[in-house]
Amino acid sequence: AWSRGLGDVYKRQKLVHTGFIFLVGLGLLVAEAYVYVTVGGNNGLTVHAVAEHYYGNRSSSTLQTVLPRMMGYAGMSAADKPKMVAAVNHWIASGETEADYNQAIKPLIAGNCLKCHSVAMTKVLHNPPLVTYGDVKTVAKVDTGMSLSTMLLNGMIHLTMLGVIFWVAGWIFSKSRFPNSIKYPLIIIPFIAMLVDFSGWFLTHQNPAFVWLVLIGGALSCPIALLEMLLSLIQMWFVKPRLQAA
């Protein structure tokens, strides 16, 4: 009877743990897919894409990136295009002051861009307005990647939610009958890796060379937790438990 009672407890725990593993495991896989789509984009999750996500593309502003296309739409002559590019590049490199804007940039914008970027036309074409100094300066900002406030918010969510998931997954795996030489590293690695990943966000925001911390942390946090849950699931359902009376 004692052995049968232990068997019933084990079956109930197995069902609870299995439900958790399936739902949370699917959630972690969806999270990995979300990162691949949003960070990687059309080119896939490359090292450059991850670095740019946190550091940004500081080699060029939005205005400088779209300027060749804008000049084409405006029908500018081949001789005038280099002059506008040089003027915009010089203005941005010089600090984007309003005095320089009024002297060198505003006449070019007024003569070539407002046919599509006036207040009225932006409502029709859904283009950003380029009417005022503030409008132009907004699109002349260099992309510096994820903001500090966003990293803090995402960090709060990731550290809290993944910490709980890693704890429960580790607790389930700790009850398995794998040797301690396997259990100890697999249980602790996701926690350490998440801290490495989180630290890498802020370091990469300052220097893209630290992107490897993000990649290593990401590769060893959720995937290792998924491995823990998979091994626990296999043992629960395909390895007969050893039930012993006290």
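Count residues from 1 along the sequence.
Looking only at side-chain heavy atoms (C-beta outward), L203 and N207 stay at 4.5 Å or farther from each other. Between L233 and F22 the shortest side-chain heavy-atom distance falls below 4.5 Å. The shortest distance between side-chain heavy atoms of L186 and L231 falls below 4.5 Å. Looking only at side-chain heavy atoms (C-beta outward), L148 and F202 come within less than 4.5 Å of each other. Side-chain atoms of K14 and S232, non-hydrogen and from C-beta on, never get closer than 4.5 Å to each other. With a 4.5 Å cut-off on side-chain heavy atoms, M151 and T204 do not count as touching. For the pair V136 and L63, the minimum side-chain heavy-atom distance is below 4.5 Å. With a 4.5 Å cut-off on side-chain heavy atoms, P190 and E228 count as touching.
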Practice prompt. Show the numbers, then the answer: is there a ring pair (Phe, Tyr, Trp, His ring centres under 6.0 Å) between W201 and H53?
Written response: CA-CA 9 Å; W201 299 357; H53 183 69; 8.8 Å; no

Fill in: Steps toward side-chain contact (heavy atoms from CB on, under 4.5 Å) verdict (L130, M70)
CA-CA 12 Å; L130 298 177; M70 288 172 56; 3.6 Å; yes

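Between V142 and N57, the shortest heavy-atom distance links the atoms CG1-O, 3.7 Å. Among all heavy-atom pairs drawn from R177 and Q235, the shortest one is N-OE1, 2.6 Å. In terms of heavy-atom proximity, P82 sits nearest to A79 at CD-O, 3.5 Å. Heavy-atom minimum distance, W91 versus D100: CD1-CB, 3.7 Å. The shortest heavy-atom contact between A140 and S61 is O-CB, 3.2 Å. Nearest approach of P107 to N102, heavy atoms of both residues: CD-O, 3.7 Å.
For the residue pair T138/D135, the side-chain donor-acceptor check at 3.5 Å is not satisfied.
The CD1 atom of I109 sits 11.0 Å away from atom OG1 of T132, with the distance rounded to the nearest 0.5 Å. Distance check, rounded to the nearest 0.5 Å: OG of S221 to CZ of F191 gives 11.5 Å. Note that NZ of K137 is 7.5 Å distant from NZ of K141, once rounded to the nearest 0.5 Å. Rounded to the nearest 0.5 Å, atoms NE2 (H158) and CG (L153) are 10.0 Å apart. Between the CE atom in M194 and the CD1 atom in I165 there is a gap of 11.0 Å [rounded to 0.5 Å].
Counting only distance, with no hydrogens or angles, the side chain of N112 and the backbone of L108 share a donor-acceptor pair below 3.5 Å. Formation of a donor-acceptor pair under 3.5 Å by the H205 side chain with backbone atoms of M146 is found in this model. Here the side chain of S199 pairs a donor or acceptor atom with the backbone of L195 at under 3.5 angstrom. Checking side-chain atoms of D197 against main-chain N and O of A193 turns up no donor-acceptor pair under 3.5 Å.
T62 meets the side-chain hydrogen bond (donor to acceptor under 3.5 Å, both in side chains) test with no other residue; sequence neighbours excluded. For N89, the side-chain hydrogen bond (donor to acceptor under 3.5 Å, both in side chains) partners at least two apart in sequence or on another chain are Q64. The side chain to side chain contact (heavy atoms under 4.5 Å, CB included) check on L226 picks up L28, L29, M229, with sequence neighbours excluded.
The aromatic ring centroids of F178 and F173 lie less than 6.0 Å from each other. Checked against a 6.0 Å centroid threshold, the rings of W237 and H17 do not count as neighbours.
Sorted by first and then second residue, the ring pair (Phe, Tyr, Trp, His ring centres under 6.0 Å) pairs involving residues 59-81 (not counting sequence neighbours) form an empty list. Among pairs with a residue in residues 159-176, none fulfils side chain to side chain donor-acceptor pair (under 3.5 Å), at least two apart in sequence or across chains. Residue pairs meeting the side chain to side chain donor-acceptor pair (under 3.5 Å) criterion with at least one member in residues 114-123: none, sequence neighbours excluded.
Under the 4.5 Å side-chain heavy-atom criterion for Ile, Leu, Val, Met, Phe, Trp and Tyr, L227 and I182 are members of the same hydrophobic cluster. Linking ILVMFWY side-chain heavy atoms closer than 4.5 Å, directly or via other members, places L159 and M161 in two distinct hydrophobic clusters. The hydrophobic clustering, which links ILVMFWY residues whose side-chain heavy atoms are closer than 4.5 Å, places L230 and F20 together. F210 and Y55 are not part of a single hydrophobic cluster, where members link through side-chain heavy atoms under 4.5 Å apart. There is no path of hydrophobic side-chain contacts, each under 4.5 Å, that joins L67 to M121.
Within a 6.0 Å sphere centred on CD of Q13, other residues, nucleotides and ligands contribute more than 12 heavy atoms.
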